[in-house]
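Heads up: numbering here begins at 1 and tracks the sequence.
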Amino acid sequence: MPWASYILDVPADFDPPAILVLRFSSIGDVVLTTPLLRALKTRHPECRISYVTKAAMAPLVSDHPAVSEVLTLEAAGSLTRLAAEIRKRNFTHLLDLHGTLRARLLRLMVPGSWQGFDHRRRERGVLIRTKRDIYPVHVPMAERYFEAAEGLEVRQDGKAAELYVSEAATRSVAAWLAETGLGGDRPLAVLAPGAAHFTKRWPVESWVSLAGRLLTDGYDLALAGGAADAELCQVVATMAGRNAAVAAGKFGLQETGALLRRAAVSVSGDTGVMHMATASGTKVVALMGPTVRQFGFWPYNAKSVVLERELYCRPCSAHGSARCPEGHHRCLREIDSGVVAAAVETLRR
């Protein structure tokens with residue numbers, strides 16, 4: 001389906017701009033749009049920014065000071081109804097930071113001069129299939145989004161992404177930490193063992209081993225993630241046996257962000273929690289398996305240590321998969337828990 005492109009009847013001297021930013025999902029992708037939001041508000045302090053996303057993602061930007069409103073698509077919601085809401089507003093700039101079929105359909109329903117960005121799909125596909133790097137330059141995803149704002153005169157400021165949380169979320173997490181006895185006299189480490197796809201998951205026995213090492217090193221442990229990760233997190237917490245509690249499934253995105261802000265360090269795979277941690281100002285140890293830096297989703301402008309294995313088979317997919325194509329899963333299985341614990345200690349200094 002071709003991209004819809006129309007010319008809005010907007011005065012040439014528009015000021016301030018009214019900007020729509022579209023990114024339906026997922027957690028990390030939405031978080032990585034925030035440097036652009038910050039740049040837009042810095043360059044155009046009086047601008048109005050409306051953010052369009054899935055309802056489940058709204059907490060990631062609902063408290064961002066640059067965002068004037070969040071327009072949401074419910075899980076079973078109508079794209080037609082969302083388009084009608086957008087058409088009621090007189091936007092001067094329409095930024096598509098997603099580019100999926102659903103985004104393209106919305107663009108057809110909402111006439112306007114839409115701007116997108118280069119997803120580097122060709123370069124990514126060649127790298128996955130042939131292991132040849134034909135990227136002309138490695139640009140982080142957060143900076144690729146700026147391509148959609150051409151004409152708005154925005155600049156990258158070299159800072160990290162941002163995650164703003166409400167006072168209610170902060171109080172909820174403080175109460176939970178007091179109830180569980182975590183993060184008092186001992187530093188708090190947030191571990192996120194889950195991932196949407198198998199190939200992005202470090203083996204559970206490795207997480208258990210890391211938990212033991214961190215407890216010995218004096219950390220309290222909070223196991224974070226979504227409801228689907230709760231069972232795995234409970235296994236790790238139970239095996240740890242002390243000074244560990246499960247937050248997965250108990251907290252929404254806002255509370256998870258507030259928890260990460262209380263942490264001295266976070267350990268995760270290439271997941272949304274990793275990006276939430278960097279956006280919360282938390283030090284991060286990231287375990288990378290099937291994905292690589294060229295894809296643009298490395299920890300962005302944050303204090304971090306990335307652990308990965310240089311293997312003939314990496315990268316094997318863009319987003320992870322249900323099984324290792326080679327059957328060995330060496331990319332993550334061969335990252336030793338002692339190396340991860342040492343990386344945590346490096347960030348502690």
Side-chain angles (χ1 to χ4, degrees), residues 23-32 53-54 56-57 60 75 98-102 119-121 123-131 140-141 190-208 210 223-236 246-249 253 256 260 266-279 284-300 304 306-335 337 340:
R23 180 75 215 193
F24 284 124
S25 63
S26 292
I27 293 173
D29 305 83
V30 172
V31 168
L32 289 174
T53 190
K54 289 182 178 179
M57 301 293 112
L60 296 171
H98 207 143
T100 58
L101 176 59
R102 178 178 286 151
H119 290 254
R120 279 70 162 177
R121 290 190 176 99
E123 291 87 343
R124 185 179 66 192
V126 169
L127 187 55
I128 291 171
R129 290 192 301 272
T130 71
K131 308 305 182 269
M141 186 58 66
V190 172
L191 309 184
H197 302 287
F198 166 78
T199 53
K200 283 190 175 184
R201 297 178 202 145
W202 201 33
V204 63
E205 58 270 22
S206 298
W207 283 108
V208 171
L210 175 66
L223 284 297
D229 307 317
E231 184 176 352
L232 173 59
C233 289
Q234 188 60 61
V235 170
V236 177
V246 176
L253 292 174
T256 299
L260 287 164
S266 175
V267 183
S268 72
D270 178 11
T271 67
V273 172
M274 179 194 77
H275 295 293
M276 291 177 68
T278 62
V284 171
V285 176
L287 314 177
M288 296 298 192
T291 55
V292 293
R293 181 183 299 272
Q294 290 91 322
F295 293 171
F297 292 99
W298 241 228
Y300 183 67
S304 63
V306 175
L307 299 176
E308 58 180 327
R309 293 278 288 116
E310 294 294 336
L311 296 171
Y312 70 94
C313 50
R314 291 182 67 232
C316 63
S317 65
H319 308 291
S321 54
R323 57 178 294 275
C324 170
E326 298 292 305
H328 52 62
H329 202 209
R330 287 176 56 196
C331 59
L332 286 175
R333 195 167 51 80
E334 292 185 354
I335 297 179
S337 64
V340 180

>> Tell me every residue that passes ring pair (Phe, Tyr, Trp, His ring centres under 6.0 Å) with Trp298, counting only those two or more places apart in sequence or in another chain.
In response: none
> Can any side-chain N or O of Trp202 pair as donor or acceptor with the backbone N or O of Ser337 at less than 3.5 Å?
Replying inline: no
> How would you list, by chain and number, every residue that makes a side chain to side chain donor-acceptor pair (under 3.5 Å) with Ser206, sequence neighbours excluded?
Replying inline: none
> Do you know which two heavy atoms are closest between Met274 and Pro299, and how far apart they sit?
Replying inline: SD-CG, 3.9 Å
>> Could you report the tightest heavy-atom contact between Ser25 and Met57, atom names first, then the distance?
In response: CA-CG, 4.1 Å
> Residues in side chain to side chain contact (heavy atoms under 4.5 Å, CB included) with Ser26, at least two apart?
Replying inline: Asp29
Please tabulate, for the side chains in residues 286-295, all donor-acceptor contacts under 3.5 angstrom to protein atoms that are two or more places apart in sequence or on a different chain.
from	atom 1	to	atom 2	distance (Å)
Thr291	OG1	Asp270	OD2	2.7
Gln294	NE2	Asp133	OD2	3.2

> Going by the salt bridge (charged side-chain N to carboxylate O under 4.0 Å, His left out) test, which pairs reach into residues 319-334, not counting sequence neighbours?
Replying inline: Arg309-Glu334, Arg330-Glu334
> If we only count heavy atoms from C-beta on, is the His275 to Ile27 side-chain gap below 4.5 Å?
Replying inline: no
> Going by the angle between their ring planes, with limits at 30° and 60°, are His98 and Phe24 parallel, tilted or perpendicular?
Replying inline: tilted
> Does His319 have any side chain to side chain donor-acceptor pair (under 3.5 Å) partners at least two apart in sequence or in another chain, and if so, which?
Replying inline: none
>> If I compare all heavy atoms of Thr271 with all of Ala195, which pair ends up nearest, and what's the gap?
In response: CG2-CB, 3.8 Å
> With a 4.5 Å limit on heavy-atom distance, are the side chains of Pro193 and Asp229 in contact?
Replying inline: no
